[in-house]
Amino acid sequence: MPGGDVTRVVVVGAGVTGLSCAVRLAEAGHRVDVLARDLPLETTSVVAAALWYPYKALPQDRVTGWAAAAYAEFAQLASQQGTGVRMMAGTEVFRVETADPWWAGAVPDLRHTAPPLGHGDAWAFTAPVIDMPVYLRWLRRRATELGVTLTRMSLPALPRADAGKDIVVNCAGLGARLLAADHDVRPVRGQVVLVAGVELDRWWLDAAGPTYVVPRTDQIVVGGTDQPGDWSRTPSAETATEILHRATRLVPELAEAKVVGTRVGLRPVRSRVRLEADGSVVHCYGQGGAGVTLSWGCADEVTALVTQITER
Ligand SMILES: Cc1cc2nc3c(=O)[nH]c(=O)nc-3n(C[C@H](O)[C@H](O)[C@H](O)COP(=O)(O)OP(=O)(O)OC[C@H]3O[C@@H](n4cnc5c(N)ncnc54)[C@H](O)[C@@H]3O)c2cc1C
């Protein structure tokens, strides 16, 4: 605000997008209040695998920039106790020879490697791997330390952004269908199986399934599915068996693993991520299968937009 008043920013949503924005905004000196129907450990975000990987998110140029910024931040967080973030090498496999991905510039060490038997090509690279239940607790603590409040509230509409006073940041994910009347954002259902009793020191991915195996601190997340337009959050036992079958073909050690849970989440997929200001509202949703991967990059840009609005 002209004259240096502290702006009140209302962030809608307490998934990885809302909490990352809340932290960055508070670090920039804003007063931040988060309103959310679901608390962090009830969101889609807690279901994420969560491997740093630009998946089902566009446009390519902006996604590459956000992903690179988040990669750098996660690399930093990996050196701090209690964040749940680790840097881990892993392998993505392909049926046939495959060119480098469009986002290769966001990763420092991506290289082709000898593919495992039955595959035509493979890339190896180091990526952040985030244990979401641990990480979301850490993010919430970090936000609280910075004075951010979090209130459970199911909103029928976005709060009114009083011109020149409050700014609203919309991080409602799939909830933007209602809050921003935006039917371009739609669910792509993902189911994962949590297993324990086996130790792996790298992640594995075969996007064709999609099949992925991502070690957390005490468990391994085994995925997955990609089901556009499916709103069901109920896990299917049949799908869980099929996921494990695919994953064990990719990582045979999983044959010894014990199933400890099954989770479902609805990815907020959109034709392109919506990150833009509209008057005193900043929209930030539609990160699809890459909300964790893009989180800090998006939060930095949201903070820059809020600063621009306050300086008008
Ligand atoms: C199986 C699976 C695996 C995944 N793996 C990865 C991965 O490896 N890497 C990766 O980067 N991403 C992954 N993702 C994608 C990632 O989970 C999402 O992109 C991310 O969680 C989106 O976060 P968000 O904060 O935008 O939305 P959400 O986590 O959905 O949070 C939305 C928030 O908005 C609130 N809200 C909505 N409507 C309202 C309302 N009317 N009033 C109040 N509050 C409201 C909700 O309650 C919630 O708090 C995966 C997703 C799934 C399902």
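Order of appearance sets the numbers: ligands from 1, and atoms from 1 within every ligand. Note that these values count all heavy atoms, side chains included, but never hydrogens, waters or copies made by symmetry.
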Worksheet item: CZ/Arg189 to CZ/Arg233 distance, rounded to the nearest 0.5 angstrom?
Response: 10.5 Å
Worksheet item: So, does Leu51 sit close enough to ligand 1 that a heavy atom of it is under 4.0 Å from the ligand?
Response: yes
Worksheet item: Does ligand 1 have a heavy atom under 4.0 Å from the side chain of Met153, from its backbone, from both, or from neither?
Response: backbone
Worksheet item: What is the nearest protein non-hydrogen atom to atom 51 (C) of ligand 1, stated with its residue, atom name and distance?
Response: Arg267 CG, 3.6 Å
Practice prompt. Using a strict 4.0 Å cut-off to heavy atoms of Gly190, name the atoms of ligand 1 that fall inside it.
Written response: 1 (C)
Discussion item. Exactly one of Thr151, Val11, Thr149, Leu150 should register a side-chain contact (heavy atoms from CB on, under 4.5 Å) with Leu35. Which one does?
Written reply: Thr151
Worksheet item: Donor-acceptor pair, Arg31 side chain versus Arg8 backbone, under 3.5 Å?
Response: no
Worksheet entry | Shortest protein heavy-atom distance from atom 11 (O) of ligand 1, along with the residue and atom involved | Thr293 OG1, 2.7 Å
Practice prompt. Could you name the option among Ser20, Ala172, Pro128 that has the heavy atom nearest to atom 32 (C) of ligand 1?
Written response: Ala172
Response to the item:
Out of Ala48, Gly286, Gly13, Ala50, the nearest non-hydrogen contact to atom 35 (C) of ligand 1 is supplied by Gly13
Discussion item. Check this for me, if you would: do Glu42 and Arg37 make a salt bridge, where the nitrogen-to-carboxylate-oxygen distance has to be below 4.0 angstrom?
Written reply: no
Practice prompt. Indicate yes or no: does an N/O atom of Ala49 lie under 3.5 Å from an N/O atom of ligand 1?
Written response: yes
Worksheet, complete the sentence: Cys171 heavy atoms within 4.0 Å reach ligand 1 at atoms 32 (C), 33 (C), 34 (O)
Worksheet item: Of the backbone atoms (N, CA, C, O) and the side-chain heavy atoms from C-beta on, which set of Val214 has a member under 4.0 Å from an atom of ligand 1: side chain, backbone, both, or neither?
Response: neither
Worksheet item: Can you tell me if Arg246 and Thr211 form a side-chain donor-acceptor pair at under 3.5 Å?
Response: yes
Item to complete: Could you tell me whether Tyr53 and ligand 1 have an N or O pair separated by under 3.5 Å?
Response: no
Worksheet item: Is the closest heavy-atom distance from Gly223 to ligand 1 below 4.0 Å?
Response: no
Worksheet item: Closest non-hydrogen protein atom to atom 15 (C) of ligand 1, residue and atom name please, with distance?
Response: Gly288 O, 3.3 Å
Worksheet item: What protein heavy atom sits nearest atom 42 (N) of ligand 1, and how far off is it?
Response: Leu155 N, 2.9 Å
Discussion item. Taking 4.0 angstrom as the limit and counting only heavy atoms of Gly15, give me the atoms of ligand 1 inside it, by number and element.
Written reply: 25 (O), 29 (O), 31 (O), 49 (O)
Worksheet item: Quick check: does any side chain N or O of Asn170 sit under 3.5 Å from a backbone N or O of Cys284, one acting as donor and the other as acceptor?
Response: no
Practice prompt. Give the numbers and elements of all ligand 1 atoms closer than 4.0 Å to a heavy atom of Thr43.
Written response: 29 (O), 48 (C), 49 (O)
Discussion item. Please give me the minimum heavy-atom distance between Gly223 and Ile243, naming the atom from each residue.
Written reply: C-CG2, 3.5 Å
Practice prompt. Show which atoms of ligand 1 fall inside a sub-4.0 Å distance from at least one heavy-atom site of Gly175.
Written response: 37 (C), 38 (N)
Discussion item. According to ring-ring contact (aromatic ring centres under 6.0 Å, His included), does anything in residues 175-211 pair up with another residue at least two apart or in another chain? List the pairs.
Written reply: Phe125-Trp203
Practice prompt. Tell me whether Leu19 is reachable from Val46 by hopping between hydrophobic residues (I, L, V, M, F, W, Y) whose side-chain heavy atoms are closer than 4.5 Å.
Written response: yes
Fill in: N or O pair under 3.5 Å between Leu174 and ligand 1
no
Item to complete: Considering only non-hydrogen protein atoms, determine which one is nearest to atom 30 (O) of ligand 1 and report residue, atom name and distance to 0.1 Å.
Response: Thr44 OG1, 3.3 Å
Practice prompt. May I ask you to decide if the ring planes of Trp138 and Tyr135 are parallel, tilted or perpendicular, using 30° and 60° as cut-offs?
Written response: parallel
Worksheet item: Regarding His119 and Asp206, is there a side-chain donor-to-acceptor distance under 3.5 Å anywhere?
Response: no
Item to complete: Give the residue, atom name and distance (to 0.1 Å) of the protein heavy atom nearest atom 25 (O) of ligand 1.
Response: Thr17 N, 3.0 Å
Discussion item. For atom 23 (O) of ligand 1, which of the options Gly291, Ser45, Gly265 provides the nearest non-hydrogen atom?
Written reply: Ser45
Item to complete: Indicate if Leu77 and Met132 have the same hydrophobic cluster label, given that clusters are the connected sets of ILVMFWY residues with side-chain heavy-atom separations under 4.5 angstrom.
Response: yes
Worksheet entry | Test item, Tyr212 contacting ligand 1 (heavy atom, 4.0 angstrom) | yes
Worksheet item: Is it true that Gly224 lies under 4.0 Å from ligand 1, counting heavy atoms only?
Response: no
Discussion item. I'd like to check the salt bridge (charged side-chain N to carboxylate O under 4.0 Å, His left out) partners of Arg267; sequence neighbours left out, ordered by chain and number.
Written reply: Asp226
Item to complete: Starting from atom 12 (N) of ligand 1, locate the nearest protein heavy atom and write down its residue, its atom name and how far away it is, to 0.1 Å.
Response: Gly289 O, 3.1 Å
Response to the item:
Scanning both residues in full, the closest heavy-atom pair of Pro159 with Val10 reads CG-CG1, 4.0 Å
Discussion item. Donor-acceptor check, side chain of Thr293 to backbone of Tyr53, threshold 3.5 angstrom: yes or no?
Written reply: yes
Item to complete: Identify, for atom 46 (C) of ligand 1, the protein heavy atom at the shortest distance, and state residue, atom and that distance.
Response: Asp38 OD2, 3.5 Å
Fill in: Polar atom proximity, Ser154 to ligand 1 (N or O, under 3.5 Å)
no
Discussion item. Residue-level breakdown please: for Val192 versus ligand 1, do any non-hydrogen atoms fall below 4.0 Å on the side chain, on the backbone, on both, or on neither?
Written reply: side chain
Discussion item. Looking at Arg95 and Asp121, is any side-chain nitrogen of the basic one under 4.0 Å from a carboxylate oxygen of the acidic one?
Written reply: no
